[in-house]
J.: 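Below is a structure I'd like to ask you about.
First listed ligand is number 1; within each ligand, the first listed atom is number 1. Just the heavy atoms: all of them, side chains too, but no hydrogens, waters or symmetry mates, feed the values below.
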Amino acid sequence: MHLGTLFWLLNVAVAYAQTSRRLDINSVSSFNASSSSSFIVPAAGQLTVSVALCSSSNPRFFVTNASTTSIPSSSGGQDVFEIFLSDGHGNWTGKFDGGGLLAIEASGEVPFEVGVSDNGPMHQALSDPAFLGDTTANQAIIFSYPFAAWDFAEPRYPNYTLPQANLTAPTPPSSAPNFTIFVSTTTSSALNSLPKTGCALNAQRSEGVVSSQSAWLKDESGWREQWILSQLAPSTNYTAFVIQDGTKISRPIMFVTKSATFACPLAASLPYCPGIAYSVPLPAPPSADAVYDASNLPESITEPLISSLTNFTTSLLTFACGRDWYSPIVSCADCQREYRKWLCTISFPRCGEASPNGSNTLTRSSADPSATGVRADAFAQQVLSALVPQPTSAKSRNENFPDMGSEYSVLLPCLETCNAVDRACPSFLGFRCPVRRFNAAASYGVGYIDSGDEDGEAGRGMTGVAQDTFGNIWCNAG
Ligand SMILES: *[C@@H]1O[C@H](CO)[C@@H](O)[C@H](O)[C@H]1NC(C)=O
Ligand SMILES: *[C@@H]1O[C@H](CO)[C@@H](O)[C@H](O)[C@H]1NC(C)=O
Ligand SMILES: *[C@@H]1O[C@H](CO)[C@@H](O)[C@H](O)[C@H]1NC(C)=O
Ligand SMILES: *[C@@H]1O[C@H](CO)[C@@H](O)[C@H](O)[C@H]1NC(C)=O
Ligand SMILES: *[C@@H]1O[C@H](CO)[C@@H](O)[C@H](O)[C@H]1NC(C)=O
Ligand SMILES: *[C@@H]1O[C@H](CO)[C@@H](O)[C@H](O)[C@H]1NC(C)=O
Ligand SMILES: *[C@@H]1O[C@H](CO)[C@@H](O)[C@H](O)[C@H]1NC(C)=O
Ligand SMILES: *[C@@H]1O[C@H](CO)[C@@H](O)[C@H](O)[C@H]1NC(C)=O
Ligand SMILES: *[C@@H]1O[C@H](CO)[C@@H](O)[C@H](O)[C@H]1NC(C)=O
């Protein structure tokens, strides 16, 4: 061998020994590194290498799965692959039978994370969005995407036992991920320049204060993490990301806090009404940051609700549930669940407010509070939320609610929440929803999710959803 080549080989080997660091399988490593560094990928068959940038920078990453000591770079070569970044994330999957190397090309030191996994990318930008409960002037309820399935065992005949009307909260799964939340004013320049990765966002100060965080089974879509945030600014458009185990990041959602005069407090974490997570027309709860939950809601509200759900369940069980079937697709358990959701939505009127700068500003002086509800298609130019002003003199839509003592607007329930009961329950119960063409818009938001015509085509309404990820809320889905 030519002496020069040998010298060069030695040189590479020395450099390699000095700067290469070994990556472990199924773990995440953090580095602040420059172009002189490389990282050894262990030999282990099929692996995914994922990288996440922790600050705004434009490095390039190269990986090779060849058994080589030459550092992969933009000059390419056999079995050299670039890991392309998108919003700070990148990944490459392939066979590492003889191990491999990862290298970075950057000007200066760049903080980043690497994950090597035999089970898909450790760093991920998920397509699942976070979910907004509701806001007040300075609080918000935010949920993660569902992270664990709801393990409801359908009851069986002859022991067809339905859940108690006064449900107790189920025990969260023991293997819940480690969730964090990141909230920033939507217009913040820091937010807009940062890569949307767990390490970049977790290193920033999140706005607001987390007053509580826990797993919650909101509905049959599964377990979500629930955050109650306080100390937010009024009338502000925020962006929220949910971060799982520091490496997986949700699709962001935007939400808008209410104006400073908005008086309705939040209600949430009610085991018998697990879907309720919004502002309700009640006087202020005991302390400033507090929300209404099962411990401080007046019994004058909860008792009639649970009694009526108990009575409904009794009537439902006069049917030989589980032995006879009134439908090939739904059961008594579905009926009870949809009825519970509807009853809770009706029993807890929801407060709302037109978004300050949003296109859904309530421009009419007022909808007649006692009569008309809102049809999504009432105005040709824009879709208005199903908001109906309630003058102080108006009796609350739930007669068991004490006087709120100030004006507010109610956000009507979506008609679909009622129709779901109609579809899930046996007809002998006589449950009927108002008819679209006739009186439905008097008490429900009509034509938002399903179309407003008599067919009520699913998802073909003006918005197709009760709320979107931009912070618009059209009607109360419960
Ligand atoms: C490297 O990975 C590519 C893509 O998976 C594969 O085609 C190639 O055979 C691998 N090379 C080695 C040396 O394993
Ligand atoms: C990375 O290194 C650079 C230069 O040494 C330094 O300015 C920067 O603060 C470091 N970043 C982190 C996250 O340690
Ligand atoms: C992995 O990278 C590919 C592009 O190389 C990208 O399309 C895909 O979304 C990435 N996967 C994840 C989970 O980020
Ligand atoms: C009937 O089912 C309930 C709940 O599924 C269970 O707690 C109870 O023990 C069962 N009773 C009998 C007699 O199997
Ligand atoms: C509404 O617009 C004003 C003025 O442009 C701005 O200061 C405020 O943050 C905006 N509010 C929201 C919720 O976007
Ligand atoms: C959860 O993740 C955060 C941020 O990644 C970290 O600071 C914290 O130590 C983790 N907690 C646990 C219990 O792992
Ligand atoms: C519901 O159950 C809780 C405890 O499980 C109890 O404290 C509460 O009084 C019950 N509510 C009603 C209305 O029965
Ligand atoms: C439930 O039934 C009982 C007994 O028939 C009755 O006293 C009670 O008023 C009913 N509750 C509601 C909310 O209708
Ligand atoms: C929040 O801000 C975003 C970005 O400017 C905008 O698209 C969205 O409509 C705003 N949300 C509301 C409810 O105004």
Side-chain angles (χ1 to χ4, degrees), residues 19 21 28-37 40-59 61-72 76-84 88 90-104 106-114 116-118 120-121 162 164-166 190 193-195 197-205 246 272-273 298-318 336 339-340 342-344 346-348 398-401 429-431:
T19 61
R21 276 168 283 190
V28 171
S29 322
S30 306
F31 299 105
N32 194 9
S34 63
S35 297
S36 59
S37 311
I40 300 169
V41 182
Q46 177 101 345
L47 291 176
T48 302
V49 177
S50 62
V51 294
L53 296 182
C54 306
S55 74
S56 35
S57 48
N58 295 304
F61 290 92
F62 298 90
V63 66
T64 179
N65 58 349
S67 318
T68 174
T69 54
S70 62
I71 292 172
Q78 176 90 34
D79 288 331
V80 171
F81 305 91
E82 176 158 12
I83 302 180
F84 294 100
N91 71 86
W92 189 82
T93 302
K95 279 208 165 311
F96 286 89
D97 289 335
L101 285 174
L102 170 76
I104 175 172
S107 50
E109 304 233 277
V110 172
F112 65 97
E113 284 185 351
V114 188
V116 177
S117 156
D118 55 13
L162 286 171
Q164 292 291 311
N166 188 6
S193 65
L194 279 173
T197 61
C199 62
L201 297 184
N202 273 340
Q204 303 292 312
R205 203 188 68 81
Y272 44 86
C273 284
E299 278 199 353
S300 57
I301 296 175
T302 56
E303 248 168 28
L305 192 165
I306 289 171
S307 161
S308 123
L309 191 54
T310 303
N311 292 1
F312 179 84
T313 307
T314 306
S315 307
L316 176 59
L317 287 171
T318 61
Q336 193 212 31
Y339 183 82
R340 181 191 297 275
W342 172 82
L343 183 67
C344 292
I346 298 296
S347 303
F348 288 95
N398 179 344
E399 60 191 17
N400 301 314
F401 267 52
L429 289 171
F431 186 90

J.: Could you tell me which non-hydrogen atom of Phe312 sits nearest to which non-hydrogen atom of Gln336, and how far apart they are?
T.: CE2-CA, 4.4 Å

J.: Flag atom 3 (C) of ligand 8 as yes if some protein heavy-atom distance to it falls below 4.0 Å, otherwise no.
T.: yes

J.: Hey, is CD on Gln46 packed in by over 12 heavy atoms from elsewhere, all under 6.0 Å?
T.: yes

J.: Which of the numbered atoms in ligand 1 are below 4.0 angstrom from a heavy atom of Gly94?
T.: 5 (O)

J.: What is the closest protein heavy atom to atom 1 (C) of ligand 8, and at what distance does it sit?
T.: Asn311 ND2, 1.4 Å

J.: Under 3.5 Å, is there a donor-acceptor pair between the side chain of Thr197 and the main chain of Leu53?
T.: yes

J.: Could you give the distance from OG (Ser300) to CG (Leu305), rounded to the nearest 0.5 Å?
T.: 11.5 Å

J.: Numbering the atoms of ligand 2 from 1, which are under 4.0 Å from a heavy atom of Pro111?
T.: 13 (C)

J.: Hey, which atoms in ligand 2 end up nearer than 4.0 Å to a heavy atom of Asn32?
T.: 1 (C), 2 (O), 3 (C), 8 (C), 10 (C), 11 (N), 12 (C), 14 (O)

J.: Heavy atom under 4.0 Å from ligand 8: found in Ser308's side chain, backbone, both, or neither?
T.: both

J.: Starting from atom 5 (O) of ligand 2, what is the nearest protein heavy atom, named by residue and atom, and what distance separates them?
T.: Glu109 OE1, 3.3 Å

J.: Before we go on, tell me: are the rings of Phe112 and Phe61 under 6.0 Å apart, centre to centre?
T.: yes

J.: Heavy atom to atom 13 (C) of ligand 1, shortest distance: which of Asn65, Thr93, Asp97 holds it?
T.: Asn65

J.: Any protein heavy atom under 4.0 Å from atom 9 (O) of ligand 1?
T.: no

